[in-house]
Enquirer: 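Questions regarding the structure given below will be posed in turn.
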Amino acid sequence: MLDFLHANLSYILSGISVGGQYALIAIGYTMVYGILRLINFAHGDVFMCAGLMMVYLSATLPVTVTIPLVLVMTVVLGFLIERAAYKPLRTAPRMSVMISAIGISYLLQNAALYFTGGLAKVYPSIPWLSQTVTIWGSTTKMVTVVTPVLTLVLVILLSLLIKYTKVGMAMRAVSKDFETSRLMGIQINTVISVTFVIGSFLAAVGSMLYFTNYASVTPVSGSMPGLKCFVAAVFGGIGSIPGAVIGAFIIGIAENIIKGGSSIFGFGGSGWTTFSDAFTFALLIIILVVKPTGLFGEKSTDKA
Amino acid sequence: MSETILSIRDLKVNYGGIEAVKGISFDVPKGDIVTLIGANGAGKSSTLRAIVGLVKPKSGVIAFEGENIAGKDTTNIVSRGITLVPEGRRIFPDLTVYENLRVGAYMRSDDIAPDVNWVYELFPRLKERSWQPGGTLSGGEQQMLAVGRALMSRPKLMMMDEPSLGLAPLIVRDIFSIIKEINKRGVTILLIEQNANMALSTADTGYVLETGRITMSGAGKELLVNEAVKAAYLGT
Ligand SMILES: Nc1ncnc2c1ncn2[C@@H]1O[C@H](COP(=O)(O)OP(=O)(O)OP(=O)(O)O)[C@@H](O)[C@H]1O
Ligand SMILES: [Mg+2]
């Protein structure tokens, strides 16, 4: 067992790291779903935009300025998307909002295509994160070690916010019953905006960690991670934050083991890299068949 | 003549083409218990929902403390001191009993402990269950919680939509005696009921609503012995 761990340490480490990055994105899907019953298709593209913002801003500004700036701008982007594309449809059928989300997704991708000219943009190296470290004989980037720790800290902070603060309580109330929340004097729109702000903030953090590993950003860079994180959220039980986090780690670790685990099961290895994506979606199909509500999902209490 | 806290004039509520409330007028004197009774679909809930802004009235005046609040948004209306205990209780199932009370005080920023204590005094059962999720309470306990939650906003006017629905007669009696107790503390009450017997014996004034129109009104005790009311709503 120890030998196995040792031999595959680098894959497991990068699996945990990618899992953490997925978790930060998946939380945005699951929170928005929890409150609006909306699959925010644009979320992966917001993540991509955060990556591009970093590329363009760091061309002229130092990293210490660009990091907070990207965080703020991504949050503003998420907020504006909700106000412009989802809020006006609050009483419309859910399908209309979904289509609006798909529209925003393509809008962002096209805007990105316009700005980048379709070229892959080199992601700036964030000094400390890109440093290499050696753990138990495996060399890896600092980001691999930082990601799970940072993810855990952010998830704990988020849980505390939801459990103990007034706005957290309002989020829990609104996610169950709009009308009664309104009767309590809760401003529904404010609570929804807060949800988008949190989701976008976490996606921006995720993008910094993720792109540090991938080195470049393209207009479609958000699609695959976005889709996988959505699968992670469904796997964990969409609407549940712990579910999304656990789902994300499972997907991250599993796909890396498949990529690198030739020594484990006698299959896998670099030839299987493409299969690792297929794995994610095979997993989605299996969950939907076996346990449609996911690991921590509740029975669908469809609200009006 | 005592001061009027709520005054409704010619209120109409439509849903698409359906006229649910067809121009009703009534007054709620400050400090009183007023009841609106009527059969299923008479427009009782629609009236309350229009007052609190959950549906926009088609026309008419809803004057609260002399100001027309018709068409204003719910947050604004609630902040003036109106609260609604909704039909079907609608407590937050994932929030604990205590959190449900806290959310009831959402708009306040002062100390809520005295109010929580009062609610726990009125409903000792809620105190025992304060850390239990609201969704695990029995129907009667949920009704108590819905009333307690509404009190947490320190309302001037508490509107209740069929608080006795689906409860055992003994619990119904409890709830009504607590309604009286709340009223004694100075909260004006507008009560909607199908349990006409209980409602009319508790209320100072009663109105009978039939398919969107008020057809009778009078002191609660008078309506209780009125032949037409007896035949239609008291089953005697
Ligand atoms: N959202 C809605 N859309 C369409 N019609 C509605 C809606 N809500 C109520 N109605 C209609 O308006 C009329 C009055 O409904 P309302 O709920 O006010 O009755 P009620 O007196 O409260 O009845 P109950 O005692 O059954 O609760 C009914 O005919 C109902 O079908
Ligand atoms: Mg009703």
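Labels below follow one simple rule: chain letters A, B, ... track the order of the sequence lines, proteins then strands, and each chain is numbered from 1.
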Enquirer: Considering only heavy atoms, which portion of B/Val103 lies under 4.5 Å from any heavy atom of chain A: side chain, backbone, both, or neither?
Expert: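 Both backbone and side chain.
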
Enquirer: Examine whether an atom of B/Arg89 lies under 4.5 Å from a heavy atom of chain A, and if so say whether it belongs to the side chain, the backbone or both; otherwise answer neither.
Expert: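 Nothing of B/Arg89, per the 4.5 Å heavy-atom cut-off to chain A.
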
Enquirer: Which region of B/Arg102, side chain (C-beta onward) or backbone (N, CA, C, O), has a non-hydrogen atom less than 4.5 Å from a non-hydrogen atom of chain A, or is it both or neither?
Expert: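 For B/Arg102, the contact with chain A is made by backbone and side chain together.
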
Enquirer: Angle class for the A/His43/A/Tyr29 ring planes (parallel below 30°, perpendicular above 60°, tilted otherwise)?
Expert: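 A/His43 vs A/Tyr29 ring planes: perpendicular.
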
Enquirer: Can any side-chain N or O of B/Asn183 pair as donor or acceptor with the backbone N or O of B/Gly31 at less than 3.5 Å?
Expert: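 Side chain of B/Asn183 to backbone of B/Gly31: a pair is present.
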
Enquirer: Look up atom OG1 in B/Thr74 and atom CD1 in A/Ile186, then write down how far apart they are to the nearest 0.5 Å.
Expert: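 Between atom OG1 of B/Thr74 and atom CD1 of A/Ile186 there are 12.0 Å.
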
Enquirer: If you tally heavy-atom pairs under 4.5 Å against chain A, which of B/Ile77, B/Asn76, B/Val52, B/Leu54 wins?
Expert: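 Answer, by heavy-atom pair count under 4.5 Å with chain A: B/Leu54.
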
Enquirer: Looking at B/Arg90, B/Arg149, B/Met107, which one has more heavy-atom pairs under 4.5 Å with chain A than the rest?
Expert: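 Top count of heavy-atom pairs under 4.5 Å with chain A: B/Arg90.
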
Enquirer: Is the closest basic N to carboxylate O distance between B/Glu141 and B/Arg129 below 4.0 Å?
Expert: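 A salt bridge links B/Glu141 with B/Arg129.
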
Enquirer: Looking at B/Arg9 and B/Asp27, does any basic side-chain N land under 4.0 Å from a carboxylate oxygen?
Expert: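 Yes.
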
Enquirer: Does a side-chain N-to-carboxylate-O contact under 4.0 Å join B/Arg154 and B/Asp110?
Expert: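 Result for this pair is yes, salt bridge flagged.
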
Enquirer: Please classify the contact of B/Tyr106 with chain A as side chain, backbone, both or neither, using a heavy-atom distance under 4.5 Å.
Expert: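 Interface part for B/Tyr106: both.
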
Enquirer: Under 4.5 Å, counting heavy-atom pairs only, tell me which of B/Asp94, B/Asn100, B/Leu84 racks up the most with chain A.
Expert: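 Option with the top pair count is B/Asp94.
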
